Structure formats: C-alpha cells, structure tokens
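When a ligand or atom number is given, it counts from 1 through the structure's own listing order. If you're wondering where the values come from, they're calculated on a predicted model, not measured in any experiment.
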Amino acid sequence: MVEDLCAHPPGHPLVLISDDTVAALYARTLCTRLSSVGLDAHLATFPAGESHKSRETKAALEDRLFELGAGREAAIVAVGGGVTGDLAGFTAATWHRGIAVVQVPTTLLAMCDAALGGKTGVDLAGGKNLVGAFHQPSAIYADVEVLATLPETDYRCGFAEMVKSAVIADADLFGALEDDREALARRDPDRLERAIERCLRIKAEVVAGDEREGGRRAILNFGHTVAHALESASGYSIPHGHAVSLGMVVEATLAVRAIGFPSEDLGRLERLLRAFDLPVRWPTATVVVEQVVSATRRDKKARGGRARYALPIRIGDMPAGDAVTLEIDESDLRAAIQGLEAGTA
Ligand SMILES: NC(=O)c1ccc[n+]([C@@H]2O[C@H](COP(=O)([O-])OP(=O)(O)OC[C@H]3O[C@@H](n4cnc5c(N)ncnc54)[C@H](O)[C@@H]3O)[C@@H](O)[C@H]2O)c1
C-alpha cells in the first residue's frame, strides 16, 4: 500500500481521515510512515461513532482540507470502519467537485462490504444516508491482521453483511458460513480472507452491472429498509450490524408471506445470526415500533412515501430482472415486528 501511495504527486496533500480510535491505533503511524518517504501526508480525525457520520463532521473535515491547501490533485485516504469510509468518501466526492479516495477498511463490516461499491454519504437525524454521492475509490487495501484490535461487538457486526451477501446471491457461501462459524468467530485469518473475498466478488459483480442502483443493485439492500429505519428511530444508538441482523429477520418474515420465502430458510437465517451473536429479537425497550414504521417512509427506495423492500425468494436467490423491490403493507410490517417482540430470545 505505502509503495502504491508513493505514486501520489509530490507537493499535493494526501489527507488520511480516521476516527480518533483508529487514528491512535493505525492511522497516525501510517501518516508518519508516508511523511517519512517524502509525501505531504496529514491526518484529520473525528470522534468515533455513527452519530458523527454527519454534515457537521463533513464540514469540519472540509475546513481542514482548506487549511491544508488541498486542491484537485490532493487525495484522501479513508482509514477506518464503514463510518469513516462513507464520510471520507463523501468528502472526497464533493471536494473541488471530486478528488481521489483510497479506502483502507479496518472493520470486518467495511472489509467485506462498505469499502467497495462507491456509495458514500452522511446521516440526518431523521434518516440514514440521506445525503451522499456515488464516488468510486481508486484503490482498496485490506489486511485482516488489524481485526485483532476490533472489539468483539464491532467484529460480530461484520457477519451481518456477510450473511446478507450469502442470502442474496450464494447458497454455498451461506453453507460455508454455517460450517465455519466457530473458526470465523475465533477470527481465523484464512477462513476470514476466504469469506471476505467471496463477499467482495458478489458485491463487485452486482455493482458492475448497475453502479447507480437503477435496478438490480437494490438486492444489496435486503434487510436494510428496516435496518436504516431502526437506526434513525433509535437515534443511531443501535450498531449498523445489529440493525441489519434484525432487519433481515423482519424482511425475511415479510418475504415468507409475500413471495414464498421458505420458513425453513427463515429458521436457518435466525440460527446463523444467533451463532454470530447477532440479535434476532426486537429491542422493545429501545425503539418504538411506530417510529420505525414511519421512518421506512423516508427510506431512499420509498416511492410516494411508501416503503419498498428487496426480498429474497430463498437463501441464495433474489427475484430475476431489475424489478427487485416490492411494496409491502405497513400492517404486515407491524405484524412481522410484533412477531419478533413476542418471540423468545
Ligand atoms: N457504503 C456502503 O456501501 C456501506 C455498506 C455497508 C455499511 N455502510 C456503513 O458502514 C457503517 C458501519 O460501519 P462499521 O460497522 O465499520 O462502523 P464504524 O466505522 O463505526 O466502526 C465501528 C467501531 O470500531 C472501531 N474500529 C474500527 N476499526 C478498528 C480496529 N481495527 N481496531 C479497533 N477498533 C476499530 C471504530 O472506531 C468504531 O468505534 C454504517 O454507517 C453503514 O451505513 C456503508
């Protein structure tokens, strides 16, 4: 990675963006190393956490780019999890109408999903990722060794996006995740690399066919209509991976009724998520169901204020063609959520 970054034109700032946790662990050292080989490298940090994936943080980063004299030849290196990748990617997308960004994901979730595909953005209090842009990274560098320092809850969150990739496109990967769940939970590097690579291939293939989500790319949103509503309704107190886990269980329950997703597959999905210590029961104490239902109306896929869902037919299979999202009655959504409240943990 350092060798590749040395190709950056001399005298133009290379700005590493990182949250304060990852800066202390990795980004500061990387910045020093890049400076030592003659690059004009600088570090810009922000406080860790989803609540800082905001317009305010982006504005502060822009002020820093201005202070550093960053012009069109400047580049940004996003070192961190999905929050950093989305925020730094969006900053790069709009700075001088677009400068290069390199993604260096340091969470499992960002390695297997968020760093790839070019979606960047920030949240509003009322809705997730509502302001953003498509801006592809010029390179992505991932090293599973850095996962050693990731706290257990953040680590487990990555499996939510991995399970999603398997459900939407690859029944064999789903089986491999079931078989390898213990090794993966232990952070076995070989199994991790294999699983991450399979997820990235799935995402790359989907994105290559529909970069700007005119149609098929929406399959990547399985579980996410509910997840995003849950995150904003909870004031971003629920981690993205937990929200995606719950979102997939709710949406798979909707799929059973709407398009015949097999109930045995719903059972397998819940068991695998539980095996990765991901939540499958509704956090009744934290979120009011009605707030989640109303937040789904503001989802980016909603049409005319009515939420749409990307639902699987069975594990490994989504509907063919480009028309992959479906409108669902809010009464069905309420019933699916209430079913999870009633279930045993
Ligand atoms: N752009 C996309 O296509 C896409 C896809 C999926 C998710 N996302 C976004 O990704 C975000 C979630 O990403 P996330 O789960 O990586 O969250 P995150 O970036 O907040 O990282 C989670 C926590 O782990 C810490 N951390 C990161 N790397 C570490 C390391 N190696 N060691 C120790 N601590 C480390 C961070 O400081 C943070 O506290 C959400 O905002 C979601 O919307 C984007």
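Side chains of His240 and Glu50: a donor-acceptor N/O pair is absent below 3.5 angstrom, by distance only. A side-chain donor from one of Lys301 and Thr225 sits under 3.5 Å from a side-chain acceptor of the other. Tyr309 and Asn221 are not linked by any side-chain donor-acceptor pair at a separation below 3.5 angstrom, with hydrogens and angles left out of the test.
Distances shorter than 4.0 angstrom do not occur between any heavy atom of Gly158 and any atom of ligand 1. A heavy-atom separation below 4.0 Å is not found between Met111 and ligand 1. The shell of residues lying under 4.0 angstrom from ligand 1, judged by heavy atoms, excludes His228.
Evaluated by nearest non-hydrogen atom to atom 4 (C) of ligand 1, the leading choice among Gly241, Ala23, Ala114 is Ala114. Comparing Thr84, Thr120, Val83 by heavy-atom distance to atom 18 (P) of ligand 1, the nearest is Val83.
Atom numbering of ligand 1 starts at 1 in the shown order; those under 4.0 Å from a heavy atom of Pro151 are 33 (C), 34 (N). Atoms of ligand 1 lying under 4.0 Å from any heavy atom of Asp86, numbered from 1 in the order shown and given with element: 1 (N), 2 (C), 8 (N), 9 (C), 43 (O), 44 (C). Within ligand 1, counting atoms from 1 as listed, the ones closer than 4.0 Å to a heavy atom of Lys203 are 3 (O). Residue Gly81 has at least one heavy-atom neighbour below 4.0 Å for each of these atoms of ligand 1: 16 (O), 19 (O). Set against the non-hydrogen atoms of Thr21, the atoms of ligand 1 under 4.0 Å away are 37 (O). Below 4.0 Å from some heavy atom of Lys128 lie the following atoms of ligand 1, by number and element: 40 (C), 41 (O), 42 (C), 43 (O). Interface of Leu25 with ligand 1, defined as ligand atoms under 4.0 Å from a residue heavy atom, comprises 32 (N), 33 (C). Atoms of ligand 1 lying under 4.0 Å from any heavy atom of Tyr26, numbered from 1 in the order shown and given with element: 31 (N).
Side-chain contact between Asn129 and Val122 is absent, with no heavy-atom pair separated by less than 4.5 Å. Under the 4.5 Å side-chain criterion, counting only non-hydrogen atoms from C-beta, Leu220 is in contact with Ile168.
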Under 3.5 Å, side-chain donor or acceptor atoms of residues 57-77 against the rest of the protein: list the pairs with distances, not counting sequence neighbours.
residue : atom : partner : partner atom : Å
Thr57   : OG1  : His52   : O            : 2.6
Thr57   : OG1  : Ser54   : OG           : 3.0
Lys58   : NZ   : Glu62   : OE2          : 2.7
Lys58   : NZ   : Thr94   : OG1          : 2.9
Arg64   : NH2  : Leu43   : O            : 2.9
Arg72   : NE   : His96   : O            : 3.2

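At a heavy-atom distance under 4.0 Å, atoms from both the backbone and the side chain of Thr149 approach ligand 1. Only the side chain of Leu109 comes within contact range of ligand 1, with a heavy atom under 4.0 Å; no backbone atom does.
Within the 3.5 Å criterion, the main-chain N or O of Val146 finds a donor-acceptor partner in the side chain of Tyr26. Glu161 places no side-chain N or O within donor-acceptor distance of the main-chain N or O of Ala114, the cut-off being under 3.5 Å. Judged by distance alone, with hydrogens and angles left aside, the side-chain atoms of Arg217 form a donor-acceptor pair with the main-chain N or O of Gly117 at under 3.5 Å.
Looking at residues two or more places apart in sequence or on another chain, you find a side-chain hydrogen bond (donor to acceptor under 3.5 Å, both in side chains) between Arg187 and Glu152.
The protein atom (non-hydrogen) at minimum distance from atom 41 (O) of ligand 1 is Glu50 OE1, 2.6 Å.
The shortest N or O to N or O distance between Leu147 and ligand 1 is not under 3.5 Å.
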